[in-house]
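What follows is a set of notes on a single structure, which appears directly below.
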Amino acid sequence: MTLHVDSDGSCPFCEYLNGERPCAFVTRGEVASAFVNPTQYERGALLVVPNRHVETILDTSAEDVSGVAQLVRKVSRALDAAFDPTGINVFQNNGVASGQHVAHYHVHVVPRYDAGGPMRLFRQADFPLLDAEELEPVAVELRRALATLEVP
């Protein structure tokens, strides 16, 4: 059985990675990159993606998964240092039925704060999409935190 993903042939994440669309990148690596999620579920919500286009976890290589996981760990530490959250959610959806909105494998890294409530659920439709210019200050703080951390 194959997972159903909604794709019209274009990919906003690939457009970010290729410089075709503005994006607030936190870091770019050889295998994976992290950027501030245009949907700010909580201040500092990030997306970590493999640099090559793969739609779901079923399409990834071991290198993709390893690179994404290592970067998730690194940006989680940067979120902790920069914003002092009380928790961090790390989650990933595969296929439309699971809530995947972009047909490019990605991992959400969302800092949590006491004011947000631990049982709060995130629905993309409940949040406005912000542009890269509005997200850049968050990216700057996280790049600063990454520069001071010693995380392999």
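Quick note: numbers below take in every heavy atom, side chains included, and nothing from hydrogens, waters or symmetry partners.
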Does L142 belong to the same Ile/Leu/Val/Met/Phe/Trp/Tyr cluster as L135, with side-chain heavy atoms less than 4.5 Å apart forming each link?
yes

I would like to know whether T56 and V5 meet side chain to side chain contact (heavy atoms under 4.5 Å, CB included); could you show each step before the answer?
CA-CA 8 Å; T56 71; V5 291; 3.6 Å; yes

Treat each ILVMFWY residue as a node, draw an edge where side-chain heavy atoms are under 4.5 Å apart, and state whether V102 and V110 are in one component.
no

Would you compute the distance between atom NE2 of H106 and atom CG of N94 and round it to the nearest 0.5 angstrom?
9.0 Å

Would you call N89 and R112 a side-chain contact if the rule is heavy atoms closer than 4.5 Å?
yes

Are V75 and V140 linked, directly or through other ILVMFWY residues, by side chains that come within less than 4.5 angstrom of each other?
no

For a quick test of reading the model, state the closest non-hydrogen atom pair linking S98 to N93 and the distance between them.
OG-CB, 3.3 Å

If we ignore hydrogens and angles and just use 3.5 Å, is the side chain of Q40 paired with the main-chain N or O of L129 as donor and acceptor?
no

For the atom pair NE2 (H53) and SG (C14), what is the distance rounded to the nearest 0.5 Å?
5.5 Å

Heavy-atom closest pair, residues V90 and S76:
CG2-OG, 4.4 Å

Return the minimal non-hydrogen interatomic distance between E141 and F83, and the atom names on each side.
OE1-CE2, 3.2 Å

The reported gap from CD in E15 to CZ in R21 (rounded to nearest 0.5 angstrom) is 4.5 Å

Heavy-atom pair with the smallest gap, counting every atom of A139 and F25
CB-O, 3.6 Å

Going from CG on L46 to CG on L79, what distance comes out if it is rounded to the nearest 0.5 angstrom?
4.5 Å

Can you say whether the rings of F91 and Y41 are parallel (under 30°), tilted (30 to 60°) or perpendicular (over 60°)?
tilted

Report yes or no: do V31 and V72 belong to one cluster of Ile/Leu/Val/Met/Phe/Trp/Tyr joined by side chain heavy-atom distances under 4.5 Å?
no

All heavy atoms of P50 vs all of L17, minimum pair found to be O-CD1, 3.9 Å

Is there a path of hydrophobic side-chain contacts, each under 4.5 Å between heavy atoms of I/L/V/M/F/W/Y residues, joining V109 to F35?
no

Could you grab the distance from atom SG of C23 to atom CG of N37, nearest 0.5 Å is fine?
10.0 Å

Full working for side chain to side chain contact (heavy atoms under 4.5 Å, CB included) between L47 and F13:
CA-CA 10 Å; L47 293 169; F13 295 171; 3.7 Å; yes

Strictly distance-based, threshold 3.5 Å: is any side-chain N or O of Y113 a donor or acceptor partner for the main-chain N or O of R43?
yes

Non-hydrogen atoms of N51 and S33 that approach each other most closely:
OD1-OG, 2.7 Å

Under a 4.0 Å threshold between the charged nitrogen and the carboxylate oxygen, would R52 count as salt-bridged to E63?
no

Out of curiosity, H104 NE2 to S10 OG, how far, rounded to the nearest 0.5 Å?
13.0 Å

Member of V49, V68, V48, D64 meeting the side-chain contact (heavy atoms from CB on, under 4.5 Å) criterion with Y105:
V68

